[in-house]
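Let me begin by presenting the structure, written as structure tokens, before commenting on it.
Positions are given from 1, in the same order as the sequence printed here.
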Amino acid sequence: MDKTRQSPTDLFEPEPNDVDPLSPDPADDEPTTTRRSDRKEKKRNRKVLVAALVLLLVPVLAVGGYLAWLNHIVTNNVKQELLLPDAKGPVDASGQAVPQPAGNGTNYLIIGNDAGPGREGARSDVMVIVHIPDDHSQVTLIHFPRDLWVPIPGHGTAKLNASYAWGGAPLLVQTMQNMLGIQIDHVAMLGFEGFKRMTDAVGGVDVEVEEASQGDGKVFTQGIQHMDGETALVFVRQRKMLSEGDISRGRRQLAFIKALMLKTLSKDTLTDPLRLRDFVDAATGNLTVDQKLDVGTMRSEAFAMRGLRGDDIRFITAPFAGFGTSADGQSIDIVDNARMAALGEAIRDDTLASYK
């Protein structure tokens, strides 16, 4: 038995005995030295081709393995819960269903919670609807102040974030759907500590500071300011020292979310395997999504938005007519009903680009 081992490229070469002795050889009329030279050249070309294919295949396999690794992290980290209500879609004041046009984009509700040691955390601190049109050409983030005085199904009228305290995410979704006349397709809940880890994972973010403030050992000045996770957490938590309290804090939260989105979708993050891995782990390690939002959908949405730029991300604060006091003495934000209806129509008809 011949125990000699062939090299990998030799395995692609024909053995001399494989040639059919009865087949005519068009090179028979050529000199012997020429035929040998041609065979050597063809053999060398085949080996070069095989080597080139191998070199091309290795990075493809490496990328595939890396993506599988990221998918494994996300799958293990993300938790799914029953965050969407059983009720089908929004209803108006008379209880009639509000029709939803087809192909009108996707609405995500982001719920942020500042719960931590010694904090009850029963109420939601951040409520943002993210509207993505069908063509993924832009993203609109709409902040809803937690003190908006609104009707809550089964509970009368109260502050918006009371709906979360009374019925969790499903009741909050139902309340917001009825208030706007829109369908909320998906829900994602994330604690503020998750925002901190995500910020550090991408090397910090550049946030536009609209209103200067200081406190908790941090100083914020108007203009663009680079923030690490700890600084960003102080930035989005401050409220009492700001001119409009929770309204100003909501604008800060949107400015931070925009900065984090842009940094995440930047070339610096997407082309750095370790940074991207750390961000994915941080983003999903404290993330809970609704029962219908799977990893494949999340991945597709992120991929579709990879070309977004700063001008493609728009902020809106849900319309309110001013501040007031409820009958039981609570400080509240009074809803501007006409403008809220117009906002709901713009979301429902996928015309937010022209909404003012």
Review point. Are Phe256 and Phe195 near enough that their ring centres are under 6.0 Å apart?
Key: yes

Practice item. Mark yes or no: Arg252 above the aromatic ring of Phe220, with NZ or CZ under 6.0 Å from the six-membered ring centre and no more than 45 degrees from the axis. Key: yes

Review point. So, does Asp278 use its side chain to make a donor-acceptor pair with the main chain of Ala201 at under 3.5 Å?
Key: no

Exercise for review: Answer yes or no: is there a donor N or O on one side and an acceptor on the other, between the side chain of Glu81 and the main chain of Val289, under 3.5 Å?
Suggested key: no

Point to revise | Partner of Ile142 under side chain to side chain contact (heavy atoms under 4.5 Å, CB included), chosen from Thr317, Leu254, Ile347 | key: Ile347

Review point. Hey, are Glu244 and Arg249 close enough for a salt bridge, meaning a charged N less than 4.0 Å from a carboxylate O?
Key: no

Point to revise | Any donor-acceptor pair under 3.5 Å from Asp246 side chain to Arg146 backbone | key: yes

Point to revise | Gln253 side-chain N/O to Met127 backbone N/O, donor-acceptor pair under 3.5 Å | key: no

Point to revise | Main-chain N/O of Ser266 paired with Thr269 side-chain donor or acceptor, under 3.5 Å | key: no

Practice item. Taking only Lys NZ, Arg NE, NH1 and NH2, and the carboxylate oxygens of Asp or Glu, determine whether Asp206 and Lys263 approach each other closer than 4.0 Å. Key: no

**Study point:** Heavy-atom donor-acceptor pair, Glu208 side chain to Gly223 backbone, under 3.5 Å
**Key:** no

Exercise for review: Please check if any side-chain donor atom of Tyr108 sits under 3.5 Å from a side-chain acceptor atom of Glu301, or the reverse.
Suggested key: yes

Exercise for review: Verify the distance criterion only: is there a donor paired with an acceptor across the side chains of Asp134 and Asn104 at less than 3.5 Å?
Suggested key: no

Exercise for review: State whether Phe235 and Lys218 meet the cation-pi test: NZ (Lys) or CZ (Arg) under 6.0 Å from the six-membered ring centroid, and within 45° of the perpendicular axis.
Suggested key: no

